[in-house]
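Convention: sequence-line order gives letters A, B, ...; per-chain numbering from 1.
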Amino acid sequence: MEDRRIGVFICYCGGNISDYVEVEKVRAAVENEPGVVLAKTQMFACSDAAQDEMISDIKEKGLDGIVVASCSPKLHLYTFRAMSLRAGLNPFRYTQSNIREQCSWAHRDGGPFATEKAIRIVRAGIARARLSEPLATMRIETTPKVLVLGAGVAGLMASLTLADIGLPVFLVEKEPEVGGWTCKWGGMFPQGNGSDLVEGLLKKVKQREDITLFTRAEIIERTGSVGDFTAKIRVADGSVVSLEVGAIIVATGFDTYRPAEGEFGYGREGVWTLPEVKEWLAGNEGPLAVDGRPVESVAYIYCVGSRQPKDSELERPNLYCSRYCCSSALHTALQIHERNPEVHQFHLYRDMRSYGKYELLYEEASRKGSMFFRFENDAPPEILAESRRHIVRAKGQLEGDEVLDIPADLVVLVTGMVPRQNDALINVLKLPVGTDGFFNEIHPKLRPVETVMDGVFIVGASQGPKTLAESVASSLAGVSKSAALLKKGYVDLDPYIAMVNAERCVWCGKCLEACPYGAIEKSVLEGKEIASVIPSLCKGGGACVPVCPEDAIELKGYTSEEITAAIDALIEQVAAPVP
Amino acid sequence: MARVNTDFIDEVRRSDGFDATACMHCGQCTAICPMGLDLLPRRLFFYVGAGLEDKVIENLETIFSCLLCRLCEENCPRDVHIAEDVRFLRNYINRKVHKLARI
Amino acid sequence: MPLPIAPLLGFLSDNLTKRRSVMPMSSRKTTRWAAGLDIPAGGETVLYTGLMYQIIPALTSSEKTMSLVQDSWVGQLLSFGRTVNRFVNLTSFMPPADRQEQKRYDQYLRNIVQLLRKAGVTEFGYLYGSELYTGALVRDLGVDDAFEQHARKVHKMLDRQGVRRVITVDPHTTDMLRNVYPKLVPGYNLEVKSYLEVLRESEARPKNRLESEAVIHDSCLYARYLDTVEQPRRLLEKAGVTARDPEFSGKMTFCCGGPVESLFPDKAGEIAGRRIKQLAEAGNDVVTMCPICLHNLEKAASGNGVSVRDISELLLQAYGG
Ligand code: SF4
Ligand code: SF4
Ligand code: SF4
């Protein structure tokens with residue numbers, strides 16, 4: 001083994017680690033490991049001061065590898081890589097040993113075991129660091145164009161904004177018309193009308209030469225990777241076009257919950273979902289009548305299809321709140337109050353979540369005479385028939401035991417949002433889907449529109465229920481992430497990709513079958529057929545490594561030698577901790 | 001079982017003496033009422049809002065027991081003019097039940 | 001047996017419409033307090049008693065009648081009584097008010113006049129026999145027709161007398177004249193202040209420092225209808241009286257029970273009892289500023305070792321000199 005100069009930095013994490021792990025003992029146990037020239041402890045390794053200290057240690061001691069024993073690399077991998085770079089150390093010669101999530105937090109019951117385990121984990125890190133090699137990131141040139149899927153308001157706004165930034169857009173819509181639900185739902189809060197809004201956006205889109213709109217079109221295939229995708233689109237006439245883009249924005253929206261036949265009387269004349277009522281209101285100007293009968297009384301039942309109890313008999317209950325429906329129902333009630341102030345309106349709700357500015361809708365509706373009764377989830381209202389009217393029987397939770405029979409000409413089921421059934425799309429894009437059926441982001445707070453598929457962004461209600469305003473905000477977030485990616489002109493990819501040992505490889509093709517990304521191809525080297533790796537497609541997933549019968553394929557940064565050395569160090573006996 | 005009577009709601013709505021539209025039935029008023037009037041005003045406003053005229057009349061004595069002291073109003077998060085609303089209902093009862101309309 | 005509400009309401013409102021007061025009394029009795037004070041008759045600014053301090057002692061006796069009514073067959077007679085009452089003043093058959101009581105309540109009004117004069121407020125008259133009760137009780141009970149009719153009568157009288165500014169002595173009258181009448185009576189334009197506000201605005205200087213303590217019972221009306229919380233406290237403070245606040249005080253004051261006295265004397269007594277307990281926990285010397293509070297709390301305090309006084313008495317000791 002060559003002579004290495006490794007520095008080890010062990011973090012207290014302000015007690016997160018040191019409350020359960022005797023950090024100083026860990027330091028003492030590893031300072032004499034082969035190759036280690038420096039072992040230190042730090043209160044917060046990620047703090048600026050600690051990083052500065054590491055940088056001067058690296059420089060002064062001429063370190064050629066470091067181990068930071070702290071939290072999960074998910075948190076600070078990039079922090080310490082950047083620090084290494086600043087210190088002039090190849091960032092791939094830094095190894096992070098996780099002694100927090102994988103040790104101190106897992107052993108809060110105390111005992112010397114945590115310390116012993118931490119020693120083993122750090123030793124394993126040192127063993128890997130000894131074998132670490134300097135690697136270089138791979139640079140890929142990006143295609144400065146974006147594919148936007150879905151031409152609802154979110155998709156339209158994303159396209160226009162991308163075009164403003166100077167990124168040409170292909171906008172693909174499955175339906176013959178653009179505008180999604182917004183188009184059909186009439187009046188909006190605080191002002192305006194959905195179809196006017198969409199019309200305005202569409203006009204602008206059509207004026208832009210850098211936006212190509214395809215309607216009645218669908219994505220059927222996607223190849224390539226971040227910055228350099230090829231998408232095949234089946235367009236209206238059945239032909240297929242192939243598009244080169246650097247990023248993909250998914251703005252495919254939501255579906256509305258469709259109650260089962262008989263659910264709260266659904267299926268009877270005048271028992272309609274909120275979207276149905278909105279379309280009905282938007283499409284008729286005259287006096288409000290259902291089935292020829294004037295509407296004198298309206299009852300709303302909230303949370304239909306949302307916030308379903310965990311223990312319900314449904315196969316996959318919708319546990320989430322759909323966010324928009326309380327406000328939207330209030331808005332509808334105000335429209336009805338406006339159209340006919342004589343109408344009585346009764347709202348049977350579980351919680352009134354008219355958050356933010358939408359609270360004004362609640363205020364105004366109650367001032368206009370809307371009555372609000374809260375019901376408990378285990379005693380939902382019942383809908384009974386009475387001649388040509390409906391009777392909504394409800395037990396108001398806040399008003400004692402009174403059971404009310406509310407006569408209603410129109411019963412509005414305030415239905416929420418559900419994910420669109422779109423298996424083909426999920427398949428083509430390999431999009432991650434959450435337990436609720438909506439697409440999943442990487443980090444709910446910090447990376448809300450990114451997915452594990454680099455370069456594929458999820459925006460609007462495809463990611464989860466949102467109001468229109470929130471959808472647009474999210475779509476603009478997708479735009480800024482796309483632009484941040486594409487405006488630079490290139491992406492740097494981690495060098496952790498597969499490499500083929502040409503001497504050993506006999507080209508059996510097993511690795512080609514195993515790779516989900518199509519990153520293996522056959523090539524010829526000095527007359528010999530071997531497998532070779534396409535660097536821009538390889539994700540470093542390693543599916544090829546164990547299937548190779550000749551052990552001819554390895555992952556950079558995760559070679560068999562490195563992993564074996566780490567395992568050996570992990571199982572090596574630790575001397576009984578010195579009291 | 002009580003049936004919502006929209007005529008009663010209309011009658012109250014037409015007058016401008018009664019306004020409990022902001023009431024959210026939270027019960028802060030009831031909690032502090034010196035009379036310990038469980039009915040007032042939380043339930044009372046519910047009865048009126050739901051058009052349960054019979055219930056209102058059934059509770060005539062409670063309605064006339066209110067001190068109009070407004071301690072409840074001080075506690076009400078929605079600034080409902082509770083005492084004035086109670087007074088309105090007294091007047092309603094006086095006209096409807098006590099037939100004191102014109103003397 | 002619950003009190004027969006309807007006949008009682010009828011009885012009270014009949015009294016108001018026919019005899020201009022819920023508790024008709026001769027003007028000899030209602031103006032007697034002013035004897036010897038040489039208050040000019042009428043004027044642009046008047047001290048308006050609203051008859052509240054005068055009616056209260058009479059109430060004590062009528063309450064006896066009411067409790068009787070509540071508990072017995074007399075109640076049955078009341079509806080009959082209402083018919084008769086329209087023609088014959090039934091109130092005059094009630095037991096006469098206690099002389100001592102009357103004198104004591106008259107004295108509070110005299111205190112107020114003296115306090116005003118000591119504070120340099122001398123330019124005010126009194127309407128003597130023309131003064132009318134405001135009708136507050138009838139309005140509280142929701143007999144709006146009778147009340148509105150009466151309010152117009154009161155306004156007409158004030159108008160005829162050329163009154164522009166009114167100094168009131170109790171919160172109920174203040175609320176009626178300041179908050180309620182303007183909404184009902186077209187052309188109503190009177191400046192209304194309670195004597196506590198007037199004193200507070202004046203440069204009244206105490207002649208004696210009392211160096212004592214008093215527990216303040218805020219009236220619901222002063223505190224929550226009229227925003228008069230700070231004035232009595234400052235006046236007492238200046239006079240060297242440390243104001244003690246009971247558990248419920250200021251904006252969060254607790255009712256004396258008085259408002260339901262006419263219909264549910266038992267309930268009123270119970271509330272007053274609870275209030276006295278709260279007050280007693282803060283001290284034994286209680287001051288009130290409304291004749292209804294005073295009357296109710298006094299009753300509840302008897303035998304409790306708590307003394308209840310009208311604030312005018314205490315203020316006069318300090319500012320009277
Ligand atoms: S927004 Fe309102 S109606 Fe919709 S699911 Fe949430 S609580 Fe229920
Ligand atoms: S405190 Fe106000 S809002 Fe709450 S129940 Fe009473 S009146 Fe209604
Ligand atoms: S005003 Fe009536 S309801 Fe309100 S606290 Fe006083 S007695 Fe109770």
Residue pair B:Phe64 / C:Phe264: nearest heavy atoms and the distance that separates them: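 Closest approach of B:Phe64 to C:Phe264, heavy atoms only: O-CE1, 3.3 Å.
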Exercise: identify the closest heavy-atom pair between B:Arg90 and C:Asp140: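 Closest heavy-atom pair between B:Arg90 and C:Asp140: NH1-O, 2.7 Å.
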C:Lys251 atom NZ, over 12 foreign heavy atoms within 6.0 Å: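 Counting other residues, nucleotides and ligands, NZ of C:Lys251 exceeds 12 neighbours.
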Proximity breakdown for B:Leu89 and chain C, heavy-atom pairs closer than 4.5 Å: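 When you check distances to chain C, no heavy atom of B:Leu89 falls under 4.5 Å.
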Please tell me if the side chains of [X] and [Y] come closer than 4.5 Å, counting only heavy atoms from C-beta onward.
X	Y	result
B:Ser65	C:Lys267	yes
B:Leu68	C:Pro259	no
B:Arg70	C:Leu221	no

NZ/NE/NH1/NH2 to OD/OE distance under 4.0 Å, C:Arg139 and B:Glu84: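 A salt bridge links C:Arg139 with B:Glu84.
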Salt bridge C:Asp144-B:Arg87, side-chain N to carboxylate O under 4.0 Å: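 Judged by the 4.0 Å cut-off on N to carboxylate O distance, C:Asp144 and B:Arg87 do form a salt bridge.
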Side-chain donor/acceptor of C:Arg224 to backbone N/O of B:Glu74, under 3.5 Å: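 No.
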B:Asn91 side chain to C:Leu141 backbone, donor-acceptor under 3.5 Å: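 No, because the side chain of B:Asn91 does not come within donor-acceptor range (under 3.5 Å) of the backbone of C:Leu141.
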Separation of C:Cys255 SG from B:Leu71 CG (nearest 0.5 Å):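 Spacing of CG (B:Leu71) from SG (C:Cys255) equals 9.0 Å.
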Approximate separation, where rounding is to 0.5 Å, of B:Cys69 SG and C:Phe248 CZ: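 Rounded to the nearest 0.5 Å, the SG-CZ separation comes out at 10.0 Å.
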Structural part of C:Ser219 lying under 4.5 Å from a heavy atom of chain B: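 Interface part for C:Ser219: neither.
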Largest heavy-atom contact set with chain B, pairs under 4.5 Å, which of C:Ala268, C:Cys256, C:Cys220, C:Gly258: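 Highest number of heavy-atom pairs under 4.5 Å: C:Cys220.
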